[in-house]
Structure formats: C-alpha cells, structure tokens
Amino acid sequence: MAELAKTYDPLPVEARWYAAWEEAGCFRSVPDDRPAYAIVIPPPNVTGVLHMGHMLNNTIQDVLVRRKRLEGFNAVWVPGTDHASIATEAKVVQKLRGEGITKQTLIDQHGYEGGRDKFLEQARAWKDQYGGIILQQLRKLGASCDWARTAYTMDGQDPQNAHHTGYYKDVVDTFVKLYNEGYIYRAERMVNWDPVAKTTLSDEEVIYKEVQGTLYYVRYQFVDPDLRLAVRDPEGNLLEERTYLTVATTRPETILGDTAIAVHPDDARYQALLGQRVRVPFLAREIPVVADSAIDPEFGTGCLKVTPAHAKADYEIYERLKAAGTHIEVVNTIAEDGTLQHVPEPWLGLDRFAMRKQFAQWLADNNCLEKAEAYTHNVGHSERTDAVVEERPSLQWWVRMKELCQPALEAVESGAVQLFPDRFLGTYRHWMTNVKDWCISRQLWWGHRIPAWYDTSGGLVQVSVTGGEGLAQDPDVLDTWFSSWLWPLSVFNGLQAPDGPDIRYYYPTATLVTGPDILFFWVARMIVAGYYHRGEKPFDRVYLTGLVRDKQGRKMSKSLGNSPDPDALIERYSADGVRMGLLLSSAAGNDLLFDEALCEQGRNFANKLWNAFRLIHTLGESATPGPATPQQALATDWMAARTHEAAHEVARQFDDFRLSEALGTLYKLIWDDFCSWYLELIKPQGGSGFTEGAHALVVGRFEELLQLLSPFMPFITEEIWQLLAPRAKGEFLVQTRLPSTPAPDAATLAGMGTVREAVTALRALRTERNIPLKEALDVYLVTDQPARWQRFFPLVERFVGLGTLHLGVAGKPEQTVLVQVGTDELHVPVAVDVAAERTRLEAEIAYQEGFLKSVQAKLTNEKFVAGAKPEVVARERQKEADAEAKLSALRASLAALG
RNA sequence: GGGAGCUUAGCUCAGCCGGUUCAGAGCGGUUGCCUUACAAGCAAUAGGUCGGGGGUUCGAAUCCCUCAGCUCCCACCA
C-alpha cells in the first residue's frame, strides 16, 4: 500500500464509495422476509437545488435508514421529486418571457389546446434540463436512496393519449372517486387570488406580512339631503352635524366596488342611519347603511365599507344579509391581472396600486378625504410569487375536508401516528378541528389537469378520467398538494394495486422526516389520504426537524444570501463533515443555528479517525507474530466493555430520535475512550515491538466503532473499514449487521474508572509541580481493594511514568503529597512546599467538612429519613462514610506535615 | 386576539417521573507541550447564585404561580 497521507483527503474517497455502493446495489430493497423499514423522501421540487434545509432533513433520513440496515431491517428509502406546479410554471413563464413569448401568444398561434401543448413541451424541456440536479446532490451527501424507485409526482402523464398510468392516474382517479362520493364539488366562493401567477391559492399558500400602509378616512354623502349625523364629544355634547359619514379604509382602490356601509347594530352613533342610503364617491351609485355584528365599533369610525367582491369578511356580510333577506350587489372591480374593471373612465384598466394612489388623490381633491394616517397592518402575499393576494369570488373546485379529516385527527390523538416532538400535537389538533374546505383548482397549465368535461356552452357534463366526443376538458390543474398527499401510497403503487407486494410490505412506512412548516400542507393531508384510500395511516412516526438558521438566528434564505452553497460546503468539509456539523446540534423540532465551525469539527473528527487508522495500520505492518501482552488484553477488555456500554446508549438514543446525542456519544467514545485512552495503552512504548495478536485485538475494537459510526459518517468509515483488513470484493461495511450487544462488564469499567481518575490526578500533580515525565514517581497506596489496583496499576503506570507501587505506607518518606482517588489514598513522594501543601489540605478539608455537614443535615432530619426513598437514604449514608474517610486521610496528612 | 416554545459557562445546547455521578457537554478561552497517529493535535486549567420574584417540599435547574425578555405557529379589524 502507498504511504498513507497524514491528513485525510475525503473528496475522492466519497465519490469512489458512493459509486461502488450504488453499483453493488447496496441500497436496493425488495420485499423479503426481514422486517421492513421504509422512509419516503419529502419530494423536493423537480427543478430545485439543494439548500440547507434539505441537507439537514436528508441527513437525518439517511442516518435513520442506514442504522436500520445495520440492525437487520430491510430498509428502503424512496427518493423522488415533486412537479411543483406553480413554482415550476413560474420559471417557465419567466424563461419564455425572455424570448418574448407569453401564454397568450402561444394560444394565438396554436389555438388553446395547441398553445397549451407547446407550453407544456417547454415545461417538460425545462424539467429535463434541470430535473435531477437535486438527486445528484443527494448522492454527494451520501443519501442511501433506492434509486431504482425514484418517483415523480407527474409520472405517467402521457400527452399523446388519455391512457394515463402511474402517479398521474392515481391523482385523477382520486379526484374522480372523491367527486363521485360527494367530497369534491365546484362552487363560487371567495378565493385567494395571485394576480401575478393569475391563479387561486390555498389559505396555506398565503403568507401574511406586516406592511406599512395608510388608513384613509373617506366621506360618503347621504342621499337624503335633510339627513344629519350628530357628532358628539364623550360627554354627549353636540359638536357638529354632518351630511356624510366617514369610513376608514386601507384600500381606496376598491371604493368603486362598494355596495353597502356596515355598522355594528348596537352602535348608538349610527342608529339613525340604518336603512338610509349614501353615495359612493365618484359614482352615482347609492348604497344602503346596514347592520352587522362583525363590525368593531372601536376600529376607525366604526363604519365599514362593504366590498363583497374584494374581501372575505365583506363577502360574509353579504351572505349574512342575503340570508336575512337583504340583497346587496357584488361588483367585482379588480380583474384577474390586478387591473381595474367594470369601472368608468378614467379608472378603467389602471393597475390596482396605481389606482390606490390616484383615487386617493381624487378623493383629496374632491373634499372626500377627511384625513389619512400611517397604519401598519398584515397583508397576504403569495408564497410563490410574493404578489399581494387579492380576495375575490371565483368558481373553483373544492374538497369537503371536515369528515375526511376525522380519522386523521384521531390517528394522531390516539398516538397511532406519533409526532416528534409531541408539542406539535396541539397545533395539529387545532388545524384539524378548524379545517376549511380545500380549494384545489389552480389556473395553471403545469400540473395534473382536472378530469372534468364541459359542453360547448360551458356546462359541466361529467367528471371522469377521459372525456367524451366534443367535450372540452377543464383548463385548470390541481393544487400540487393534491398529488403529493398520495406520495406514500403512490410510490408503492398502492392505489392501482392495493394488494401488491410493495404496498403490503412497506406500508405504513416507518418514519417521515420533514419540517413543521409543511405539517398541514402535506403531513396532515397524507394522513387524510392514507385513511381515505386504505383505512390505514401512511407512517408510524413523524420526525419534525427545526429550521436551519444562521449564526444570528435569521432564517436561511436566498434573499438574505445567508445560505451557504451545499456543494461548496461539501467541498470544503466533506460530506461526512457537513453531515456531522448539521447533526451536532439538531434536536428534533428545535431550530438549528448553523455555524460552519460545526462542519469544521466534523472534518477534524474525520481526520482524527483517519490518524487512528494510520497508527493501527502502521503498527500492523511491522507487527511480529505473537500474542498480545496482558495489559493490552486488559485494555481491550475495557474498550469492549466501554463500547458495549455506549452501544446500548446509542440504541436508546436512536429509539428516542436523539440523533444529536447519539452522535455525541460516539464522538466521545472514539475520541476520548478509543484514541486518548485505549490506543495510548495499546501502542508500543520506547521501541518495544508490536505483535500480531495485539493488532488483531485493536482491529476488532476499531471495526465495531466504525460500524456504529457508519450511519453518521458513511464514507470515511467505509474507507477505513476496507483498508483495515482484507475484504472480499463486493463486501461493504454498509451491508454488515450490528452484532447483539452484551451487557458491559461492570468490574472492568469500574477498574478503568479508577485508572483514569488516578492518571488525571497524577498528571495534574506533574503539571502543577513541573515534574518531567522521565522522573518516575513511587506510590504508597492505602486501599481496601488491593486486587483491583494490582490488576490495573500497570495501566496507570503506562500513562504517568510510575516507579514502584508500595501497598500501605510502610517505609514512606517524610515528605509525600496525598492524592485521593475515590476513598483510596495515593501518597506520592515529591519535594513538598510545606506552606502551600498545608493551604491545599486545609482548603480540601474545609470543603469536605462543608459537604459532610450538608449530608449529615439531611440524615439527622427525621422527615428526610422517613420521607425519602430508602435507596436515596442509603446513598446519603455512603456519602457520609466516604467523606469521613477522606477527611481522616486529609487530617492525617496535615498532621504529618508537622 | 388564540396557541406553543425558549431563557443553564463567552457561544451552541443537554439535563426524562424532584434526591448518587447535579450544576454538565461540545466549541471557544488560558497555560504548558512539534511526547514517534493526529497542531484539523496532546495535557492541564479557569468560567454559571440554572432570566427575576414568590410558592409547594425534608429536599427545586427540575413541580406550581407570577413578572420580564425572545422565538415560532394560527387568526387577519376594514
């Protein structure tokens, strides 16, 4: 073998092993008689690139899946992508715009269906060009997906004929089924409208942001010339009589759509106006003053202008009035593209924001504006385009959610589906009990086209996968989530073959790993779909990761430019290093403050491992035949016990999803126990030889550690494992099984515990007094467990350069320093600064006395002795005895100083 | 407005049903060390009245109340 580099060079290693694993089919899974463990990836946007959130998310999934493989499960991780209707379409539209092409020009050239086909061709080309980048990035990260199962939420859509298959068929079949069972209906309702994408949005796709706006106080003149509104001060004195009322609004651009003014029915100020009429500024339109109890008398003037076509709240007032027999008009003045419609010149065709400015100016110029004040409020924005969302009535397709959600709510309440951390249960319950009907139609082209068919006059004729002669298909596509909610079912072909081998074997899947931001968008709906289609949950547990934030706690985002480029990160720190950096501080559900220093720690750890390997490897090359020394055997026994102890701990931590802690456990096991203690004990000293027996022991220990660590750092562990001993071709660490872990040997652990305590104390003594290592220290030992010391003393000796071990203090020189290890006493002959030593002993005595006093205070407290658990009392008694023993030794030493 | 969470060492955090190991870990700091695997390292070491106040208890970082600060989610009063 070539000379091993002093510093680990990860990049070629990572590329090489990933290719080897993939080629050997290490991640391939097909049903067999082992227990299944399935994870489906939250499908990223097909044309997206990896960001920090993905990195965290997918690292967690990979760690879980790799661990289960080691445990002997038949683990599958299903990868795939989402067609991301609105996001992808927006990119294609943008690209075409760069070429001077719009959807309309395509329609003009090719007719509606032809133009649409042209557009979809472009979209498919876009998808082919950029699709799959993210899957390559996942490979770089080490994601052990079963790539043969790669799924896509628009698989099986065949533009040439209507015989759809795969995912596409699942989606339209689901639509038809829900429609036939009455869960899907078409109705005109208020929707969230994105005027940029020109489509509806679900409530979840609307992001409210605080915006600095203006609150305009606008005058509406009474129609009745004799009508007066009395304005009084708080004492009730008449201040003024007006011929108008004033309405506060942030949206003067909608005034031309006003069809009523509403006040609270109990508002004393406006009682006389109820039933009267006012005139809309600029227009001749007369509108009534009506009462509605949703009005807040405290806000503004207590009068609300009712624009049913432009606000949900207003539309609800309209509906309540209608139910009560009062009809007001619905005038929709804002068109789909956000410009003014159904209004007179000069306003017609103005953009809504220009309209706001210009109409406010007109109001001011015409004595209709009382005042305008700065006002901060929340305004809905489109999640995808960031456009200010318009609320408008629109004819759309809806899913009746209430009943469908019931089993999904119960599943989580009962713990059939567990959320980690469980504090999200409250939010989940709140959403599921207040769920509204889901608007699923989108005025887009890229996506699953709605399987509804109309006659030439636009009447709905049928809902079915294929249409009849002369019928036109609904132009809209389905909300992306209407396909992704089928993900865990569809990737195992569970809808078209409900009794197929895959769905029966892998479903319900084991764990879903995703961010809490899509708990409702996606997680809840998958549970709904799972129960609807199969009467069965889609997964047992949901691991909710935190958001990745930067060091200052800001969310990572493109616009802030604070999100590191994953490829660059991996190049700098290696995939293993980045994975470790991400996992080091990511408790479930807690946000992760990402700091590159953590990746550096990961890289350093990889290097540490590499150098441990270098040592072992070099020792092996020069090893001579023969058995290990008794000390090496003892150290190995201890390392084995320590590994078993840690392995049990790691298993528990995995069960609780405490991945961060599991990694921490292994980090310490390897860095401290293995490198700092075990390897130091094993390696030959002062030119003495190293045997093949010893080498075999170390290799055995190291292999077990590599295996335990491999889910976290798959690449370097594989590399070292392969180099550590001869392996057959096609043999991989990935494919090994964890051995069953015996209970750790307590006596060995305790013995080594004493060794470490003694070594640390003696090292401190050396450092304090500047005693060079070459100067051997004799030790006079007072102990009640001489056998343990006899056995382990050589190990202590190995670290701190000891001379002779004398049992007891017979023949001890005048001047010694007392080192306490538990209740054992080590008297070490060194030159003593009497004054300093006295001070040290007195301080130690004072501390022990204080400690003893507090213990005795408890023990003489009858309520404690009576009330505390017996083992607690026993512990306190032990503490008392130990402290007394220590004190007497300390006092004796003090006395000996003279 | 409704709900959830957080506040422990300079930084990031762990401390589950109150009681050995309860005041911890990693990073960072300081001080020695190029000690034959590793300076991306080794050894030693300093740092906190567990956000403030009150209560329950023999005993509170841990349970309860309260105040303060921060974060997130939901609702969206024009």
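Each chain gets a letter, A, B and so on, in the order its sequence line appears, and its residues count up from 1. Scope of the values below: all heavy atoms of this structure, side chains included, with no hydrogens, waters or symmetry mates.
Comparing the P positions of B/C16 and B/G24 gives an interatomic distance of 15 Å, to the nearest angstrom. A gap of 36 Å separates the C1' atoms of B/G48 and B/C34, to the nearest Å. Taking the P atom of each, B/A44 and B/G52 are spaced 33 Å apart, rounded to whole Å. Here, B/G51 and B/G28 have their P atoms 26 Å apart, quoted to the whole Å. Across B/G1 and B/C76, the matching P atoms stand 16 Å from one another, rounded to whole Å. B/C50 sits 11 Å from B/A60 when the C1' atoms are compared, rounded to a whole Å. As rounded to the nearest Å, B/U7 and B/C13 have C1' atoms that lie 12 Å from one another. Annotation: B/C64 and B/U56 have their C1' atoms spaced 7 Å apart (nearest Å).
Counting heavy atoms from C-beta outward, A/R642 and A/L749 have side chains that approach closer than 4.5 Å.
With respect to the salt-bridge test (charged N to carboxylate O, under 4.0 angstrom), the residues A/R652 and A/E661 do not qualify. Look at A/E413 and A/R429 and you find a salt bridge, because one of the NZ, NE, NH1 or NH2 atoms lies within 4.0 Å of a carboxylate O, short of that distance.
Annotation: ring pair (Phe, Tyr, Trp, His ring centres under 6.0 Å) contacts of A/F712 (sequence neighbours excluded): A/F654. Here A/F521 pairs with A/W481 under the ring pair (Phe, Tyr, Trp, His ring centres under 6.0 Å) rule; sequence neighbours left out. Contacts of A/E370 classified as salt bridge (charged side-chain N to carboxylate O under 4.0 Å, His left out), with partners at least two apart in sequence or in another chain: A/R219, A/R242. For the side-chain contact (heavy atoms from CB on, under 4.5 Å) test, residues two or more places apart in sequence or in another chain that qualify with A/R763 are A/W677, A/V759, A/F799, A/V800. Residues forming a ring pair (Phe, Tyr, Trp, His ring centres under 6.0 Å) with A/Y270 (at least two apart in sequence, or on another chain): none. Remark: A/R877 pairs with no residue by the salt bridge (charged side-chain N to carboxylate O under 4.0 Å, His left out) rule, at least two apart or across chains. The side-chain hydrogen bond (donor to acceptor under 3.5 Å, both in side chains) search around A/D656 returns none, not counting sequence neighbours.
Checking A/T618 against A/E621 by side-chain atom types alone, no donor-acceptor pair falls below 3.5 Å. A/T246 and A/K371 share no side-chain donor-acceptor pair at under 3.5 Å. Looking at A/D882 and A/Q878, their side chains do bring a donor and an acceptor atom within 3.5 Å of each other.
The residue A/K668 sits close only to the backbone: its heavy atoms come under 4.0 Å of sugar-phosphate atoms, none of a base. When heavy atoms are screened at a 4.0 angstrom cut-off, A/Y217 is found touching no nucleic acid atom at all. In this structure, A/E680 reaches the bases: a heavy-atom distance under 4.0 Å links it to at least one base atom across the strands shown. In this structure, A/R658 reaches the sugar-phosphate backbone alone: every heavy-atom distance under 4.0 Å involves primed, P, OP1 or OP2 atoms, never a base. Within 4.0 Å of A/I295, counting heavy atoms only, lies at least one base atom of the nucleic acid.
The nearest whole Å value for the distance from the CG atom in A/L584 to the C1' atom in B/G26 is 8 Å. The nearest whole Å value for the distance from the CG atom in A/L425 to the P atom in B/G3 is 16 Å. Residue A/K879 contributes atom NZ, which lies 6 Å from atom C1' of B/U20 at whole-angstrom precision. Going from atom CD of A/E253 over to atom P of B/A78 covers 13 Å, rounded to whole Å. What separates CZ of A/R766 from P of B/C33 is a distance of 16 Å, to the nearest Å. For A/D258 and B/A78, the CG to P distance is 16 Å, given to the nearest whole Å. Computed from coordinates, the A/E210 CD to B/C77 C1' distance equals 14 Å when rounded to whole Å. In this entry the distance linking CG of A/L544 with P of B/G5 reads 15 Å, nearest Å.
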Every protein N/O lying under 3.5 Å from an N/O of nucleotides 70-76 of chain B:
{"unit_1": "B/C76", "atom_1": "N3", "unit_2": "A/N378", "atom_2": "ND2", "d": "3.0"}

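Under 4.0 angstrom from either OP1 or OP2 of B/A78 there lies at least one side-chain N or O belonging to A/Y375. At the phosphate of B/C27, OP1 or OP2 sits under 4.0 Å from a side-chain N or O atom of A/Y667.
Annotated as anti: B/C58, whose glycosidic dihedral deviates from 0 by more than 90°. Glycosidic conformation of B/G29 is anti; the angle lies outside 90° of 0.
Toward the 5' end of RNA chain B, the nearer of the two residues A/D595 and A/N611, judged by each one's closest nucleotide, is A/D595.
Within a 6.0 Å radius of CD in A/E373, more than 12 heavy atoms belonging to other residues, nucleotides or ligands are found.
Residue pairs meeting the side-chain hydrogen bond (donor to acceptor under 3.5 Å, both in side chains) criterion with at least one partner in residues 293-303 of chain A, sequence neighbours excluded, do not occur; the list is empty.
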If the sugar-phosphate is the primed atoms plus P, OP1 and OP2 and the base is the rest, what is the B/S/- string for nucleotides 39-45 of chain B, using protein heavy atoms under 4.0 Å?
SBSSSS-
For nucleotides 55-63 of chain B, just jot down a letter per nucleotide in 5' to 3' order: B, S or -, based on protein non-hydrogen atoms under 4.0 Å.
---B-----
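In this structure, CG in A/L777 is found 10.5 Å from CD in A/E797, a value given to the nearest 0.5 Å.
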Intra- and inter-strand pairs of RNA chain B in dot-bracket (Watson-Crick or G-U wobble, both distances under 3.5 Å; | for another strand)
(((((((..((((.....[....)))).(((((.......))))).....(((((..]....))))))))))))....
